[in-house]
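Numbers restart at 1 for each chain; the letters A, B, ... are given by sequence-line order, proteins then strands.
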Amino acid sequence: MAERRLLWLGLALLALCGAFLAWQLRAPMGFILGLRAAKLGALVCVGAATGAATILFQTVAGNRLLTPGLVGFDALFVLLQTLLVAALGGVGVAMIPASVRFGVELVALAAASALLFGLLLRRDARDVTRMILTGIILGVLLRGLAEMVQRMMDPSDYAVVQQAMFASFGRVDPQQLAVAAVVLLAALAAALRMAPALDVAGLGRETARGLGLNHDRVVMVSLLLMAAMVSVSTALVGPITFLGLLTASLARQVTGTHRHAVLIPASAIIGALILVAGQFVFERLLGSQSALAVIVELFGGLLFLVLVLKRRRR
Amino acid sequence: MIEVSSLSYSAGSTPILHDISTTLERGGITALIGPNGAGKSTLLHCISGLEKPASGSVRIDGHDPFAVPHRQRARLVALLQQSPALVSRLKVRELVSFGRWPHHQGRPCPEDEAMVDRALTAFALTDLAGRTIDTLSGGQRQRAFIAMTYAQDTPWMLLDEPLNALDPRHARDLMARLHALSRDGSRSIVIVLHDINAAAGWADHIVAMKDGRIVAQDASASVLTEATLRDVFDTPFELLHHKGRPVVVAR
């Protein structure tokens with residue numbers, strides 16, 4: 001039943017991607033197709049990475065309101081990039097090949113997030129309210145730190161950072177996209193391999209440990225995979241805070257299961273669906289260029305409010 | 001056999017358990033009784049390897065629960081915890097199936113399914129198997145978690161206040177079920193009870209705790225005296241006998 005719905009989601013995504021590529025295709029076909037394919041690739045990668053990362057994070061945090069974006073996972077990425085530019089200078093960073101730079105950023109983010117969020121999850125895991133607050137404050141702190149470094153840096157260096165900071169699907173470097181896709185696929189495969197362990201982790205730390213799950217290790221591995229996925233999406237287009245909340249909630253609604261073997265791919269596909277469909281509607285049908293990120297944030301933010309209010313009523 | 005020797009545990013800087021040494025023999029039901037905050041739950045957590053004691057050691061059938069691999073530990077001892085977290089969209093059958101995780105690690109075989117069926121039958125959950133946990137009443141939920149602990153199929157079952165939220169019928173059914181299990185030799189049961197009469201009626205041994213120490217430990221009849229109970233609970237009790245069974249009444 002849940003698997004069937006997953007199949008339908010996959011087919012819907014394929015159909016949508018076809019439409020995205022073929023809609024009103026004119027000469028020069030090869031050139032336009034190339035442009036569209038790069039954009040489509042970025043949209044799918046970002047949507048899938050955000051969707052899968054959010055499910056992982058919600059499971060290890062034991063909370064359906066948190067997303068990696070909300071607790072500052074992507075802010076951490078922006079901070080790292082800012083520090084990199086501040087240390088090497090805009091020219092220095094530009095001279096590093098995209099794949100090397102991406103690799104360095106990935107490792108740094110994985111290490112930093114494992115440290116930061118590992119501590120956060122271990123200390124506050126029992127107190128959900130405190131964990132949400134700590135997480136959000138941590139996000140604000142990281143954003144503030146990044147901003148402070150940006151204010152102190154050279155204006156031309158700042159321009160390099162600024163480019164990375166705002167969600168935009170307009171410009172995507174094909175080489176970066178290829179690296180991102182490989183990293184994302186590896187992270188997704190690893191996440192799916194540990195899906196049964198994540199199901200157990202979803203029962204809560206105490207019960208999971210009682211069942212003999214090495215809960216701390218599952219949390220650490222999940223954080224590393226999440227770091228990889230968030231790097232993929234943030235490096236490609238910049239931070240989108242609420243997309244994850246939207247996709248994870250929809251994935252749970254649509255599949256009606258707790259099993260990660262279904263939830264993770266479903267959330268990834270829905271993330272890609274939202275972005276591709278949104279971009280298609282805005283760019284092709286409404287002729288507007290950059291409104292997608294804003295609209296996704298708007299609906300995600302509204303959903304967050306609805307979820308918070310619903311929870312309070314219970 | 002569970003051997004606890006000079007075990008001490010502190011939560012932060014607050015000492016909870018002081019130098020506890022005891023031996024629990026295999027077979028039968030051992031009840032832990034004592035006032036709130038006596039350290040009963042903490043002792044169960046330490047024994048099952050979930051809370052590391054500050055000092056002292058635990059041996060379950062000769063194994064150190066903190067040294068054996070997590071999976072082996074979970075096949076040796078199962079702990080029913082108080083108020084476990086709830087997962088939405090989780091069906092009763094799926095929850096009980098998680099009890100098999102230490103055995104199959106994500107790849108269930110027909111024996112696992114058979115054990116889940118037995119657990120559902122044993123705790124009168126067959127009719128509820130398709131319901132999601134968050135639609136159940138407190139007592140039904142409690143039974144579902146007990147069934148999960150049972151499905152773990154360990155020689156030792158540690159149950160932290162399993163009678164919570166159970167109506168008299170299901171409380172009696174549960175105690176009778178545990179009694180039967182402990183009699184056929186397959187399970188040894190350690191159970192935290194607040195109802196002293198449940199302990200009086202069903203337990204073979206009683207361990208009475210107070211302020212993080214064991215005050216008395218013996219066969220049920222020896223521990224259930226007016227003097228011991230008054231010492232443990234700081235309140236007077238009267239011990240009656242009804243049809244050959246001890247009945248404890250608070251005065």
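Using modelled atom types, one finds no donor on one side chain facing an acceptor on the other under 3.5 Å when comparing B/S21 with B/S5. Inspection of the B/W101 and A/D199 side chains reveals no N or O donor paired with an N or O acceptor under 3.5 Å.
At a 4.5 Å heavy-atom cutoff, the contact between B/E94 and chain A is made by side-chain atoms alone. Heavy atoms closer than 4.5 Å to chain A are found in the side chain of B/L95, but not in its backbone. Both the backbone and the side chain of B/L50 come within contact range of chain A, judged by heavy atoms closer than 4.5 Å. Within the 4.5 angstrom heavy-atom criterion, atoms from both the backbone and the side chain of A/A197 approach chain B.
Considering A/L211, A/L213, A/N214 as possible partners of B/H70, the one that fulfils the side chain to side chain contact (heavy atoms under 4.5 Å, CB included) test is A/N214.
With salt bridges taken as basic N to acidic carboxylate O contacts below 4.0 Å, none links B/D112 and B/R107.
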